[in-house]
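Computed from a predicted model, the values in this text were never measured in an experiment.
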Amino acid sequence: MTQGGAHPSPSGALAAPEGFPLLAHEAAGEGGLVYLDSAATTQKPACVLEAVDAFYRTNNANPHRGAHRLGGAATEALEAARRDVARFVGADADEVAFTSGTTCALNQLAYGLAGLLRPGDEVAVSLLEHHSNLVPWLTVAKLAGAKVRYLVPDRQGRVPDGEIDRAVGSRTRIVAVSHVSNVLGCVQPVERIVRAAHDAGALVVLDCAQSVAHLPVDLHALGADFAAFSGHKMYGPMGTGALYARRGAASALGPLLRGGGMVEAVFEQGFTFKGFPAVLEAGTPNAAGAAGMAAAARFLEGLGMEAVHAHGEALACRMAAGLAAMPSARLYGPGPDGAEERCGIVAFNVRGVGADLAARALDRRNVAVRAGAHCAQPLVRHLGAEAVCRASTGVYTSERDVDRFLGAVEAARQDAANLMTSAML
């Protein structure tokens, strides 16, 4: 069953690229755009764009404010979106607060839980983390006199059991890890990490920014206390996201932002807060964005997340196999054998060519990949590089796209040399 104009494509994509207006606009026969930067942001299906537009055309008012008809419609639209987004990640609606994205949610969690830290306490994070799940913890740990300890991944990019046992112990108060690496696409042993953390009496914060677009995610089953994810990485609008707090855990959080909408009562010398999730939603919410994020969740549910995962994993293995066979390419993270669970993300470099120059050479052939440290500098240095190229798939990516990408990588060394020559002329 598919929704929102998504239909299997004759090219082998899980959802027809024609259902994504930007990709349809960029299509031009065999030379059309191959978009392999979905880990940065996904393209948006028409149903998402229509949902955002429909809110502003028919429901535009402040939710949870005013007694007029439009205010009630806006409130219902926001709460319906909350129910859809919560269902998509295996949570209840009253466990999900809307945010502007993963970065906002993780900062809220770090500063909101900072009061639990004392001198000598420890926060465990993996070396795989995006800066958004590292810099806030480094900051609050320093303020509290606590220490950040690292779980170091193996060569495949997965945190082994021995690292979990070494890094999580009696001093650990918080464990903050990514479900899926945004650089390598490897899936982490979250259930094992959660068990070790809870056995140590620690809370678990899960960064699901990549996993929600690639895997079936059930936050209740995973057992994490808190989680964060973004709308724009799961085919929804930019500037949208969610913070999950397991029922019973939300009381440990202090709000980061304070003002309208999150207070129960205000007096001359004090105030009282509303309960979760309202306490974390100060100000006018991005209700249109929430409607678009919910439409994205329904779109992915229509495709089936098991099918989405299988599609991305197969394409990643195809990319990895092609890169591993090229003498001019260096592959990072999981190999092409499919031994480790992974998502549709592959990191690589072209030997003798800087990552940025390689990405520009691919762009000349209308293949869009990302180059740099991907907001994960400790991990990239651990890989022995300063920057890597990253190719990441979406439901609109086909085997034909992967083959065009591999052909472009094979030609990238000579193309990069031509670019350098042109720059010197």
Side-chain angles (χ1 to χ4, degrees), residues 2 6-20 22-24 26-27 32-45 157 178-187 208-217 229-230 232-236 296 299-300 303-324 329 331-338 340-348 358-359 362-363 365-371 374 388-409:
T2 56
H7 303 285
S9 168
S11 67
L14 189 62
E18 294 79 13
F20 297 79
L22 186 146
L23 296 180
E26 290 285 340
L33 175 67
V34 174
Y35 183 77
L36 292 175
D37 196 20
S38 294
T41 196
T42 51
Q43 296 304 325
K44 317 308 175 194
S178 56
H179 192 183
V180 171
S181 167
N182 75 303
V183 178
L184 302 176
C186 41
V187 182
C208 293
Q210 293 299 331
S211 60
V212 291
H214 292 282
L215 300 171
V217 172
F229 55 100
S230 294
H232 76 102
K233 294 184 187 293
M234 52 172 276
Y235 307 94
F299 167 79
L300 284 168
L303 293 177
M305 289 308 298
E306 293 287 354
V308 170
H309 182 207
H311 178 72
E313 191 168 41
L315 293 178
C317 288
R318 188 182 185 93
M319 286 194 291
L323 291 167
L331 179 67
Y332 301 91
D337 57 5
E340 296 287 345
E341 187 180 16
R342 68 183 306 164
C343 294
I345 300 172
V346 173
F348 69 99
L362 294 178
D363 185 54
R365 291 178 178 265
N366 224 8
V367 175
V369 303
R370 180 61 60 94
H374 312 288
V388 297
C389 293
R390 180 188 68 190
S392 50
T393 66
V395 296
Y396 33 66
T397 309
S398 66
E399 290 184 352
R400 185 173 63 195
D401 293 332
V402 169
D403 293 342
R404 274 191 56 196
F405 156 74
L406 292 171
V409 172

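- Rounding to the nearest 0.5 Å gives a distance of 15.0 Å between CG of Leu33 and CZ of Arg365.
- The CZ atom of Phe20 sits 6.5 Å away from the OH atom of Tyr235 when rounded to the nearest 0.5 Å.
- Considering only heavy atoms from C-beta on, Leu300 comes within 4.5 Å of Met305 through its side chain.
- Atom OG of Ser211 is separated from atom CG of Asn182 by 11.5 Å, given to the nearest 0.5 angstrom.
- Without hydrogens or angle criteria, Gln210 side chain to His179 main chain gives no donor-acceptor distance under 3.5 Å.
- Proximity of Leu184 to Pro334: side-chain heavy atoms (C-beta onward) are separated by under 4.5 Å at one or more points.
- Qualifying ring pair (Phe, Tyr, Trp, His ring centres under 6.0 Å) partners for Phe348, counting only residues two or more places apart in sequence or in other chains: Phe405.
- Of the inter-residue distances, the one linking Ser392 atom OG with His374 atom NE2 reads 9.0 Å to the nearest 0.5 angstrom.
- Partners of Asp403 according to the side chain to side chain donor-acceptor pair (under 3.5 Å) rule, which considers only residues two or more places apart in sequence or in another chain, are Arg318.
- At least one donor-acceptor pair under 3.5 Å links the side chain of Lys44 to the backbone N or O of His232.
- Contact between Ala316 and Ile345 at its shortest, heavy atoms only, is CB-N, 4.2 Å.
- Summarising the geometry, atom CG belonging to Asp401 is positioned 8.5 Å from atom CG belonging to Leu315; distances are rounded to the nearest 0.5 Å.
- Distance check: Ser38 OG to Gln43 CD gives 7.0 Å after rounding to the nearest 0.5 Å.
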